[in-house]
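One is the number of the first residue; the rest follow in order along the sequence. Owing to the predicted nature of the structure, the values given are computational and were not obtained by experimental measurement. The analysis underlying the following values was restricted to heavy atoms, covering all of them including side chains, and did not include hydrogens, waters or symmetry mates.
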Amino acid sequence: MQTNPVVHFEIYVADMTRAKAFYEAVFATTLEKMLSPIPEVEMDMWFFPMDKEAGMSQYGSGGMLVKMDGFSPGAGGTLVYFSCADCAVEAARAAKYGGEIVQQKQSIGEHGFCALVRDTEGNLIGLHSMQ
């Protein structure tokens with residue numbers, strides 16, 4: 001079996017309180033605080049839930065929100081897609097909690113559906129579902 005080569009992603013934020021509240025509300029989840037792995041570098045980091053026992057590369061990517069000097073949020077970077085039961089639901093939540101729907105749910109044929117939203121920090125994120 002081939003494994004997922006993506007092991008981690010980081011979404012850079014300017015206001016961690018605002019960003020954390022947005023992602024927890026949109027995905028109906030709780031992010032977990034992570035201490036800075038580099039003691040001399042101040043970082044505010046919050047992990048998305050993942051099965052740590054299963055291992056990152058076998059079952060997909062782990063990721064977090066990060067606030068750190070020298071790294072800025074905004075459009076034009078990598079686009080991260082989040083898996084959803086129905087991406088229209090999370091798109092509506094994004095708009096409700098201060099984000100913006102950039103592209104409504106649309107069919108991508110046999111690959112399901114996708115939507116694009118901008119988070120409260122200006123990052124563009126993708127939403128994907130099979131229904």
Return the minimal non-hydrogen interatomic distance between [X] and [Y], and the atom names on each side.
| X | Y | value |
| --- | --- | --- |
| Thr29 | Pro49 | OG1-CG, 2.9 Å |
| Glu90 | Cys84 | OE1-CB, 3.4 Å |
| Asn123 | Gly74 | OD1-N, 3.0 Å |
| Gly109 | Ser107 | N-OG, 3.0 Å |
| Ala19 | Thr120 | CA-OG1, 3.8 Å |
| Val26 | Arg93 | O-NH1, 2.6 Å |

(request) Determine yes or no for a side-chain-to-main-chain donor-acceptor pair under 3.5 angstrom, with His128 supplying the side chain and Ala115 the backbone. (result)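 Side chain of His128 to backbone of Ala115, a donor-acceptor pair under 3.5 Å: no, none is there.
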Determine whether [X] and [Y] make a side-chain contact, defined as any pair of heavy atoms from C-beta on separated by less than 4.5 Å.
| X | Y | result |
| --- | --- | --- |
| Tyr81 | Cys114 | yes |
| Glu42 | Ser36 | no |
| His8 | Glu10 | yes |

Is [Y] reachable from [X] through a run of hydrophobic residues whose side-chain heavy atoms are each under 4.5 Å from the next?
| X | Y | result |
| --- | --- | --- |
| Leu65 | Val80 | yes |
| Phe113 | Ile125 | no |
| Met68 | Phe47 | yes |
| Phe71 | Ile11 | no |
| Ile101 | Leu127 | yes |

Rounded distance [0.5 Å steps], [atom1] in [X] versus [atom2] in [Y]:
| X | Y | atom1 | atom2 | answer |
| --- | --- | --- | --- | --- |
| Lys20 | Leu31 | NZ | CG | 6.0 Å |
| Lys33 | Met64 | NZ | CE | 10.5 Å |
| Glu100 | Arg118 | CD | CZ | 6.0 Å |

(request) State whether Lys67 and Asp15 are salt-bridged, where the test is any N-O pair (Lys NZ or Arg NE/NH1/NH2 against Asp/Glu carboxylate O) under 4.0 Å. (result) no
(request) List the steps, then state whether ring pair (Phe, Tyr, Trp, His ring centres under 6.0 Å) holds for Phe22 with Tyr97. (result) CA-CA 6 Å; Phe22 175 83; Tyr97 290 101; 7.7 Å; no
(request) I would like to know whether Ile38 and Met43 meet side chain to side chain contact (heavy atoms under 4.5 Å, CB included); could you show each step before the answer? (result) CA-CA 9 Å; Ile38 308 167; Met43 290 185 253; 4.1 Å; yes
(request) Over 60° means perpendicular and under 30° means parallel, so classify the ring planes of Phe82 and Phe9, tilted if in between. (result)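 Correct class here is perpendicular.
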(message) Can you confirm whether Glu40 is buried at CD, in the sense that more than 12 heavy atoms of other residues, nucleotides or ligands lie under 6.0 Å from that atom?
(response)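 It does: Glu40 CD has more than 12 such atoms within range.
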(message) So, applying side chain to side chain contact (heavy atoms under 4.5 Å, CB included) with Cys87, which one of Gln104, Met130, Lys105 is it?
(response) Lys105
(request) Using the side-chain hydrogen bond (donor to acceptor under 3.5 Å, both in side chains) rule, take Tyr23 and Asp119 through it: C-alpha gap first, then chi angles, then the decisive distance, then the call. (result) CA-CA 8 Å; Tyr23 281 93; Asp119 72 8; 2.7 Å; yes
(request) Evaluate the side chain to side chain contact (heavy atoms under 4.5 Å, CB included) criterion for residues Val102 and Leu124: first the C-alpha distance (whole Å), next the side-chain angles of each, then the deciding distance (0.1 Å), finally the verdict. (result) CA-CA 8 Å; Val102 175; Leu124 187 65; 3.7 Å; yes
(request) Start with the C-alpha gap between Met16 and Trp46, add the side-chain angles, then the distance that decides, and say whether side chain to side chain contact (heavy atoms under 4.5 Å, CB included) holds. (result) CA-CA 9 Å; Met16 183 59 78; Trp46 291 81; 3.5 Å; yes
